[in-house]
A.B. asks: 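Right, I'll just put the structure down here and ask away after.
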Amino acid sequence: MQVFAQISLKPFNSFGIDVCAQLFAEAYDDSDVHEAISYAVIHALPLFIIGGGSNLLLTQDIHALVLRMATQGIRVLQDDSVHVVIEAEAGEAWHPFVLWTLDHGLYGLENLSLIPGTVGAAPMQNIGAYGVEIKDVFAGLTALDCQTGELRDFSLQECQFAYRDSLLKHDIGRWLVLRVRFMLSRISNKKLDYGSLQQCLVKQGITEATPIDISRAICSIRRETLPDPVKLGNAGSFFKNPLVSEVLAAELKCQYPDLVTHQQPDGQIKLAAGWLIDKSGWKGFRDGDAGVYKMQALVLVNYGAATGRDIVSLAKRIQSDIAKRFKVHLEMEPTIIEP
Ligand SMILES: Cc1cc2nc3c(=O)[nH]c(=O)nc-3n(C[C@H](O)[C@H](O)[C@H](O)COP(=O)(O)OP(=O)(O)OC[C@H]3O[C@@H](n4cnc5c(N)ncnc54)[C@H](O)[C@@H]3O)c2cc1C
């Protein structure tokens, strides 16, 4: 394993923020991971794990050994001819992995097509899109406890998945995810009732959509509505959709009849953060090189030379404006590395 000093992380985060890693290495297998942990201990530095850097906001140089997970490998663990358990290494790129499953006639991940990042980071925030979250097909993961060096398998229950959340996200840096298992099916269980998916399929003249059709339709919607990080730095949705009480939702609905609400099984109401930000006039706002994407108010963007602090400062202005107008707290979604 090669270790580099003072490496710019600009190519390794989708916001394109230019900060330096004190030390930087890439892990191609488990022995690289163990070597990196020992190296960090010897140099008295913390280990900071990254995948594709698509859910990160870096606001300062990282005084750590930054380890990019680049481990590869996909294997079938169980196959009862309908249900198939697949295991993928943490460094596998997410979207190519989804395509691999579809190519092999295995269904369950199609709605999660074109999400950037890696397999290993997917459980961190229980990635979700178009009515599906990875918890719906999750069959376990193996992680290394960076504090003790022990391996541990996590079941679905142990991960405590919730909306863009998991046990692992609350203890960033402790658990290094090595590989993740998914329970997929040869029989498709289509989920089409989300956003403009059904409309998009109808527009394409597709009445009986296959999982591959669904994946393609989602890719085309995402390409139209989300900025490509290669052209415009961003980390996807910057804020989570807030959960509020029924009382507050009803109060807001009186004031704003077009308020977007989704009833939750536990009685809470989920509001669309993008709607709140848009309604407050932030869509398309730009301050220097930090801005709110003009097509989607939920996405903050770096027009080129914004620093992580510029983005955080814009995010905080939006948070306090939304709190004032709607009495709603917006929680930031990416991992923010703040001083
Ligand atoms: C254009 C765009 C669209 C997006 N759309 C969606 C979407 O629809 N749904 C959604 O849920 N997310 C979305 N995201 C966010 C992001 O793609 C996901 O959260 C993705 O899973 C992050 O993967 P990553 O490998 O880039 O993680 P990174 O950004 O590298 O890391 C994220 C966090 O996980 C930790 N981490 C990474 N790998 C490991 C590992 N192997 N072990 C332990 N910790 C690890 C890091 O320390 C960090 O705290 C989007 C992002 C972009 C840029």
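On a predicted model such as this, the values are computed, not experimentally measured, just so you know. FYI, the numbering just counts along the sequence from 1. We count ligands from 1, going down the list as the structure has it; atoms in each ligand are counted the same way.
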A.B. asks: Is there any ring pair (Phe, Tyr, Trp, His ring centres under 6.0 Å) pair reaching into residues 299-333, and which pairs are they, with sequence neighbours excluded?
C.D. replies: Tyr256-Phe326
A.B. asks: Could you find the nearest protein heavy atom to atom 43 (C) of ligand 1 and give me its residue, atom name and distance?
C.D. replies: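 So the nearest neighbour among protein heavy atoms is Trp175 O, 3.1 Å.
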A.B. asks: Any luck finding a side-chain donor-acceptor pair between Asp29 and Thr71 under 3.5 Å?
C.D. replies: no
A.B. asks: Tell me which part of Ile115 gets within contact of ligand 1: side chain, backbone, both or neither, using heavy atoms under 4.0 Å.
C.D. replies: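 For Ile115, only side-chain atoms sit under 4.0 Å from ligand 1.
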A.B. asks: Among Ser54, Ser14, Gly236, Gly51, which one puts a heavy atom closest to atom 17 (O) of ligand 1?
C.D. replies: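 Among Ser54, Ser14, Gly236, Gly51, the closest heavy atom to atom 17 (O) of ligand 1 comes from Ser54.
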A.B. asks: Tell me the contacting part of Pro116 for ligand 1: side chain, backbone, both, or neither, using a 4.0 Å heavy-atom threshold, strictly below.
C.D. replies: both
A.B. asks: May I ask you to list the atoms of ligand 1 that are less than 4.0 angstrom from any heavy atom of Thr335?
C.D. replies: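 Once the distances to Thr335 are compared, the set is 33 (C), 48 (C), 49 (O).
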A.B. asks: Go through the side-chain N and O atoms of Arg216 and Ser113 and say whether any donor and acceptor fall under 3.5 Å apart.
C.D. replies: no
A.B. asks: I'd like to know if the side chain of Ser8 pairs up with that of Asp18 as donor and acceptor (distance under 3.5 Å, no hydrogens or angles considered).
C.D. replies: yes
A.B. asks: Which atoms of ligand 1 are found less than 4.0 Å from any heavy atom of Leu176?
C.D. replies: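 That gives atoms 42 (N), 43 (C) of ligand 1.
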A.B. asks: When you group the ILVMFWY residues by side-chain heavy-atom contacts below 4.5 Å and let the links chain together, are Phe285 and Ile318 in the same group?
C.D. replies: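 Per the 4.5 Å side-chain linkage, Ile318 and Phe285 are co-clustered.
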A.B. asks: Using heavy atoms and a threshold below 4.0 Å, how should the contact between Ile172 and ligand 1 be classified: side chain, backbone, both, or neither?
C.D. replies: side chain
A.B. asks: Give a yes/no verdict on whether any heavy atom in Arg222 is under 4.0 Å from an atom of ligand 1.
C.D. replies: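 Contact check Arg222 vs ligand 1: positive.
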